[in-house]
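All values below come from the heavy atoms of this structure, side chains included, with hydrogens, waters and symmetry mates left out. Order of listing sets the numbers, starting from 1, for every ligand and every atom in it.
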Amino acid sequence: MRIKRIDVGEMQIPLVTPFKTSLRTATHVDDIIVRVVSDDGLCGFGEAAPTAVITGDIKPSIRGAIEEVIAPSLVGMDIEDIDGVSRKLRTCILKNTSAKAAVDLALYDLYAKSLGKPLYKVLGGGSREVETDITISVDTIDKMVADSVKAVAEGYRILKVKVGKEGIKDVDRIKAIRDAVGDAVVIRVDANQGWNAKEAVRIIRKLEDADLNIDLVEQPVSAHDKAGMIYVTANSSIPILADESVFTPEDAIDIIKSRAADLINIKLMKTGGIYEALKIAAIGEIYNVPCMMGCMLESKISVSAGAHLAGAKGIINRADLDGPGLCSIDPYEGGPEFNAGMIILNETPGIGIESVPCFTD
Ligand code: MG
């Protein structure tokens, strides 16, 4: 079963509420969509989120990488040799991880479809249910409390609270949210590189002293400040999660062996897809470092692929896969069910997406 062609489209989906982190504000998911078509008529879908401030990728660069380099390199290859195709994808162009992710996901979707199995079963088996948190954007305290209470009322049991813009005042945000939602809700904190190392330790000490029961603190300092990550991790009883610091399996080994984090956030847009993400999961397994499956501002196609990977692997014991939950509509047919925080993986082949509006033929 050979790759006949690779199509590129685009989807714009408005968000329920603007997505604000210490790095950016967005009002839409505005993503590149990929369809890989085989010579016997099956097709697989993938998606790339242009996240310039994290991956350096923008829509024209993603489209260009796929149309000018990746597609000509892969057309004609045998999809059942998923290892060979993935190795070619990894080496045909440097970096460009979002473009690679979109194509990689479509390849894995197509591969699983060729086997007639849902992707999570092809990748490992594991569990059909994945529980995700939902992001609470950084804003005024009142707005963040209101958003948190609303999310809990909708059924979410885990909140990921974005901070990192106001230093020590972030403690007030988290305290107010904890007071409002009660003790049963899991709270994760993501600073998106917004603190320096000493400031981070000072803030984390206050969170510890206030007994706020924080599940983890994500990327407290700059992605490239490894010494800072080591310092914060050594001085925190709350687990530290590396996000922007880990793109590749090599990064994961380096961060883990340096004790620069306690947990790793795997995102398909950073790894360039499932092929490399599987390696990070294996590294986590080797060093007994649990992983979170995360996403950028993505819609249901790539988030579904992430959910299948999270379901397949026991070492991925946390999920931050709230993209579809942030979108105001679901424009696709098929795929996993997203019911507030619970994701129920499809039993249909692949990632389950059956139709995508940007491809009408
Ligand atoms: Mg993050």
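Hydrophobic clustering keeps Val85 apart from Val37 (ILVMFWY residues linked when any side-chain heavy atoms are closer than 4.5 Å, directly or through intermediates).
Of all N/O/S atoms in Glu218, OE2 sits nearest the Mg ion (ligand 1).
Put simply, Asp243 gets within reach of the Mg ion (ligand 1), with an N, O or S atom under 2.8 Å from it. Contact annotation: Asp190 places an N, O or S atom under 2.8 Å from the Mg ion (ligand 1).
Between the side chains of Glu47 and Ser302, at least one donor-acceptor pair of N or O atoms lies under 3.5 Å. Under the 3.5 Å distance criterion, with hydrogens and angles disregarded, no donor-acceptor pair is assigned to the side chains of Ser137 and Asp139.
Ring geometry, Phe45 versus Phe359: the interplanar angle falls under 30°, so the pair is classed parallel (tilted spans 30 to 60°).
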